Structures are given as structure tokens and as C-alpha cells.
Chemist: 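Dumping the structure here so I can ask a few things about it.
Quick note: residue numbers are just sequence positions, from 1. Just so it is clear, the structure is predicted and the values come from calculations on it, not from any experiment.
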Amino acid sequence: MVQPKYKRVLIKLSGEALAGDRGVGIDIKTVQEMAKEIAEVHASGIQIALVIGGGNLWRGEPAAEAGMDRVQADYTGMLGTVMNALVMADSLQQEGVDTRVQTAIAMHNVAEPYIRGRALRHLEKNRVVIFGAGIGSPYFSTDTTAALRAAEIEADAILMAKNGVDGVYNDDPRKNADAVKFDELTHGEVIKRGLKIMDATASAISMDNDIDLVVFNMNEPGNIKRVVLGEQIGTTVSNKA
Ligand code: UDP
């Protein structure tokens, strides 16, 4: 058997990945398909933590631009990520994967509070841990959450699953047919060039903690496994020049 490149990964799914063709909301069939793929990778002995965004349900910034108080809007967004986490946890459980949801905003009746030591113990016991409610603070994103939690649990890599985009380009491939894809980049280059992969805070955390980031297309079945096995797909961002 091929030895996996990464032993402990944090997978970041955007909320939109859960919406399927509908683009908004949660499409349960789509979540079930994703859970199947995650379960398969997990069965090969990889420790997996998940951060799921909330953009399929709500985003704080546009709500604030429309006149809502930003902090309230962001708390609303964080609650959306918990809905996504619960649905994904259910789908993973149904695939036979022991799963725990930990939230950064305490809600004891539905999930565990985020406790790093417990999260590590779950991972060691082969449970998938889903981190909900972002980092628990407004003005942050779930990309930053992914980078922060990846650093805290000492993940080998963040697997950033994108919806229909197969890596990082020098321009938007949906708008510019001549856009060129990078196979490899450094975190420093991403920050310097202002490439829009994750926000700058998330890039800085990944750089400071030497965490690889692999950006790849989630819509192609089998891609998570390919990344974990070290196949060159998507774009790898690291500190190696
Ligand atoms: N959010 C927040 N703090 C966090 C994480 C998320 O305030 O630590 C809010 C913010 O309003 C954001 C929303 O939750 O717009 C949904 O998260 P995000 O936009 O990162 O989701 P994604 O784009 O990955 O689906």
C-alpha cells in the first residue's frame, strides 16, 4: 500500500460545497456523497478534522453592508456553520465514522465545547472532529478558523476543498481563459501577490506554523484521497521555496 503523505489533516469545506447544484442551503444528498468520500479516506488510517464554512446559509459582511449590526450578523453566520457541522456529522455517523462536533460558542445540548485536548484525544481514538461556530469571534472567517485549529491540533496540512476550482491561478479562471494555474507556491508569495485563496490572517497563521495548504477541486470524486497520498493535484502552498 502507498504510504500517505499526510497523517493528520484538517479539511476545510466551504459552506457552498454542501449546497450542491442549488447553490444555497443544504442538499442532504450532496453532504452524504461528501461524507462517503471522507469516510473512505478515514478508513485508510488518516486522522481527520473538519471545518465547514457557512456561506451556503449566511455571510456576515453582506448583511452588515445592508445595515445589520456586524457583530450580530457574524454571530448569525457562526450559528450557520454549526448547522452544517451537525448535518455532516450525521452523514459521517451513517457511514460508520465516529464523529464529534465541537463548537467555539458553547451550546452544550447539541455539541461539545471546543477543548483542544479533547479534540486531540478524539483524533487519536480515530474519531473525526468537526469544529463548528468558527473561532467564536466576529470579524473572522472559517478560513482563519481552519488555519488556527490546524495549528492547534498540529495537522500536517490543510486540505482546502474548492467548489469547481482546481487550484490557485494567477487570475480568475472563470473570467480569464488565459489564467495560469500554479502547482506550487509559498505562503509568502500568496501574501505578496495578494492571491485570493484564504484571507491574509489565515495565510499568516499557516506560514508562521509551517502548515501545508493544498487547494483542490472537491467536485472530482476521489480527490481527497489523491491529495492525502501525495499525488500532485491542485496547488500546494508551503514554506518550501
Ligand atoms: N464567522 C465569524 N467568525 C468566525 C467564522 C465565521 O464571524 O470565526 C461568520 C462570518 O459572518 C462569516 C460566516 O460566519 O461570513 C460564514 O463563514 P464563512 O464566510 O467563512 O464561510 P464559507 O465562505 O467558508 O462558506
Chemist: Verify side chain to side chain contact (heavy atoms under 4.5 Å, CB included) between Tyr139 and Val71, making sure each step is shown before the conclusion.
Modeler: CA-CA 7 Å; Tyr139 302 105; Val71 174; 3.7 Å; yes
Chemist: May I have the step-by-step check of side chain to side chain contact (heavy atoms under 4.5 Å, CB included) for Asp21 and Asp27, ending in yes or no?
Modeler: CA-CA 8 Å; Asp21 294 335; Asp27 180 55; over 6 Å; no
Chemist: Strictly distance-based, threshold 3.5 Å: is any side-chain N or O of His42 a donor or acceptor partner for the main-chain N or O of Asn126?
Modeler: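 Side chain of His42 to backbone of Asn126, a donor-acceptor pair under 3.5 Å: yes, one is there.
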Chemist: Does any part of the side chain of Asp143, heavy atoms only, come nearer than 4.5 Å to the side chain of Met160, both counted from C-beta?
Modeler: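 Touching, per the 4.5 Å side-chain cut-off.
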Chemist: Indicate the atoms forming the closest heavy-atom contact of Gly234 with Lys181, along with that distance.
Modeler: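 It is O-CE, 3.6 Å.
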Chemist: Just wondering, do Leu10 and Phe131 contact through their side chains at under 4.5 Å, heavy atoms?
Modeler: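 Answer yes - side chains close enough.
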Chemist: If only atom types and distance count, is the side chain of Arg22 paired as donor or acceptor with the main-chain N or O of Ile26 below 3.5 Å?
Modeler: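 Pair found, side chain donor or acceptor close to backbone of Ile26.
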Chemist: Decide yes or no for Leu92 and Leu50: does some side-chain heavy atom of the first lie under 4.5 Å from some side-chain heavy atom of the second?
Modeler: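 Result yes, sub-4.5 Å side-chain heavy-atom pair found.
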Chemist: What's the verdict on side chain to side chain contact (heavy atoms under 4.5 Å, CB included) for Val87 and Leu18, showing C-alpha distance, side-chain angles and the deciding distance?
Modeler: CA-CA 9 Å; Val87 177; Leu18 275 55; 5.5 Å; no
Chemist: Indicate the atoms forming the closest heavy-atom contact of Thr103 with Ala111, along with that distance.
Modeler: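 Answer, listing the atom of Thr103 first, then Ala111: CG2-CB, 3.8 Å.
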Chemist: Under a 4.5 Å cut-off applied to non-hydrogen side-chain atoms, are Leu79 and Met83 in contact?
Modeler: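 Counting from C-beta outward, Leu79 and Met83 never come under 4.5 Å.
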Chemist: So with a 6.0 Å cut-off around CD of Gln232, is the heavy-atom count from everything else above 12?
Modeler: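 For Gln232, atom CD is crowded (more than 12 foreign heavy atoms under 6.0 Å).
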Chemist: Please find the pair of heavy atoms, one from Ala73 and one from Ala64, that lie closest to each other, and give the distance.
Modeler: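 It is CB-N, 4.4 Å.
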Chemist: Show me the pairs that pass side-chain hydrogen bond (donor to acceptor under 3.5 Å, both in side chains) and involve residues 219-229, at least two apart or across chains.
Modeler: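 Pairs touching residues 219-229 that pass the test: Glu40-Lys225, Asn223-Arg226.
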Chemist: Over all heavy atoms of both residues, which pair between Ile52 and Ala85 is shortest? Give the atoms and the distance, please.
Modeler: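 Heavy atoms of Ile52 and Ala85 come nearest at CD1-CA, 4.1 Å.
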Chemist: Drop me the distance from Ile105's CD1 to Met78's CE, to the nearest 0.5 angstrom.
Modeler: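 CE of Met78 is found 4.5 Å from CD1 of Ile105.
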Chemist: Any donor-acceptor pair under 3.5 Å linking the side chain of Asp156 with the backbone of Asp212?
Modeler: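 Answer holds: no.
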Chemist: A side-chain contact here means heavy atoms from C-beta on lying under 4.5 Å apart; do Ile153 and Leu120 qualify?
Modeler: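 Ile153 vs Leu120: side chains touch.
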Chemist: Are Ile38 and Leu229 co-members of a hydrophobic cluster defined by side-chain heavy atoms under 4.5 Å apart?
Modeler: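 They do not share one cluster, since no chain of ILVMFWY contacts under 4.5 Å joins Leu229 to Ile38.
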Chemist: Looking at Gln93 and Thr99, would you say the former's side chain and the latter's main chain have a donor-acceptor pair under 3.5 Å?
Modeler: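 Between the backbone of Thr99 and the side chain of Gln93 there is a qualifying donor-acceptor contact (under 3.5 Å).
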Chemist: Any chain of hydrophobic side-chain contacts (each under 4.5 Å) joining Leu195 to Met207?
Modeler: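 They do not share one cluster, since no chain of ILVMFWY contacts under 4.5 Å joins Leu195 to Met207.
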Chemist: Atom CG of Leu159 and atom CG of Leu13: how far apart are they, to the nearest 0.5 Å?
Modeler: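 It comes to 9.5 Å.
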Chemist: State the OG1-CZ distance between Thr235 and Phe182, to the nearest 0.5 angstrom.
Modeler: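 Between Thr235 OG1 and Phe182 CZ, I get 8.0 Å after rounding to 0.5 Å.
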Chemist: Checking Ser141 side chain against Thr144 main chain: does a donor-acceptor pair fall under 3.5 Å?
Modeler: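 Flag set: sc Ser141 to bb Thr144 pair under 3.5 Å.
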Chemist: Can the positive tip of Arg149 be found less than 6.0 Å from the middle of the six-membered ring of Tyr114, inside 45° of the ring normal?
Modeler: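 Positive - Arg149 is close enough to the ring of Tyr114 and near enough to its axis.
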Chemist: Please determine whether residues Val129 and Met88 belong to a single hydrophobic cluster, defined as Ile, Leu, Val, Met, Phe, Trp and Tyr linked transitively by side-chain heavy-atom distances below 4.5 Å.
Modeler: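 Per the 4.5 Å side-chain linkage, Val129 and Met88 are not co-clustered.
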Chemist: Could you check whether Arg116 pairs with Glu154 (Lys NZ or Arg NE/NH1/NH2 to Asp/Glu carboxylate O, under 4.0 Å)?
Modeler: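 A salt bridge links Arg116 with Glu154.
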Chemist: Using a strict threshold of under 4.0 Å (side-chain N to carboxylate O), is an ion pair present between Lys162 and Asp166?
Modeler: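 Looking at Lys162 together with Asp166, the answer is no, because their closest N to O distance does not fall below 4.0 Å.
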Chemist: Linking I/L/V/M/F/W/Y whenever any side-chain heavy atoms sit under 4.5 Å apart, do Met34 and Val41 land together?
Modeler: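 Cluster IDs for Met34 and Val41 match.
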Chemist: Compare every heavy atom of Met218 with every heavy atom of Ala161, then report the nearest pair and how far apart it is.
Modeler: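 Of all heavy-atom pairs spanning Ala161 and Met218, the closest is CB-SD, 3.5 Å.
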Chemist: If Ile, Leu, Val, Met, Phe, Trp and Tyr residues are connected whenever their side-chain heavy atoms lie under 4.5 Å apart, and connections chain through other members, are Ile48 and Phe216 in the same group?
Modeler: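 Yes, it is one cluster - the side chains of Ile48 and Phe216 are joined through contacts under 4.5 Å.
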Chemist: Nearest heavy-atom pair of Ala155 and Ile211: which atoms, and what distance?
Modeler: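 Closest approach of Ala155 to Ile211, heavy atoms only: O-CG2, 4.2 Å.
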Chemist: Start with the C-alpha gap between Ser206 and Ile158, add the side-chain angles, then the distance that decides, and say whether side chain to side chain contact (heavy atoms under 4.5 Å, CB included) holds.
Modeler: CA-CA 9 Å; Ser206 306; Ile158 300 168; 3.8 Å; yes
Chemist: Determine whether Ile224 and Ile11 make a side-chain contact, defined as any pair of heavy atoms from C-beta on separated by less than 4.5 Å.
Modeler: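 Yes; the side chains approach each other to less than 4.5 Å.
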Chemist: Answer yes or no: is there a donor N or O on one side and an acceptor on the other, between the side chain of Thr81 and the main chain of Ala133, under 3.5 Å?
Modeler: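 The answer is yes, because a donor-acceptor pair under 3.5 Å joins these two groups.
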Chemist: OG of Ser203 to CE of Met198: how many Å apart, nearest 0.5 Å?
Modeler: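 Spacing of OG (Ser203) from CE (Met198) equals 5.5 Å.
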Chemist: Check whether more than 12 heavy atoms from other residues, nucleotides or ligands sit under 6.0 Å from atom CZ of Arg121, and answer yes or no.
Modeler: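 Check fails, neighbour count at 12 or below.
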Chemist: I'd like to know if the side chain of Glu16 reaches the main chain of Gly23, judged simply by a donor and an acceptor atom lying under 3.5 Å from each other, with no hydrogens or angles considered.
Modeler: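 Between the backbone of Gly23 and the side chain of Glu16 there is no qualifying donor-acceptor contact (under 3.5 Å).
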Chemist: Using 4.0 Å as the upper bound for N to carboxylate O, is an ion pair formed by Arg59 and Glu65?
Modeler: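 No.
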Chemist: Could you tell me the separation between the CD1 atom of Ile28 and the OG atom of Ser91, rounded to the nearest 0.5 Å?
Modeler: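 Going from the CD1 atom of Ile28 to the OG atom of Ser91 covers 4.0 Å.
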Chemist: In the structure I gave you, are the side-chain heavy atoms of Gln32 and Glu95 within less than 4.5 Å of one another anywhere?
Modeler: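 No, too far: nothing below the 4.5 Å cut-off.
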Chemist: Calculate, to the nearest 0.5 Å, the distance between atoms OG1 and NZ belonging to Thr142 and Lys12 respectively.
Modeler: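 With rounding to 0.5 Å, OG1 (Thr142) is 3.0 Å from NZ (Lys12).
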Chemist: Are Val165 and Arg174 side-chain neighbours, meaning at least one heavy-atom pair lies under 4.5 Å?
Modeler: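 Yes, at least one pair of side-chain atoms sits under 4.5 Å.
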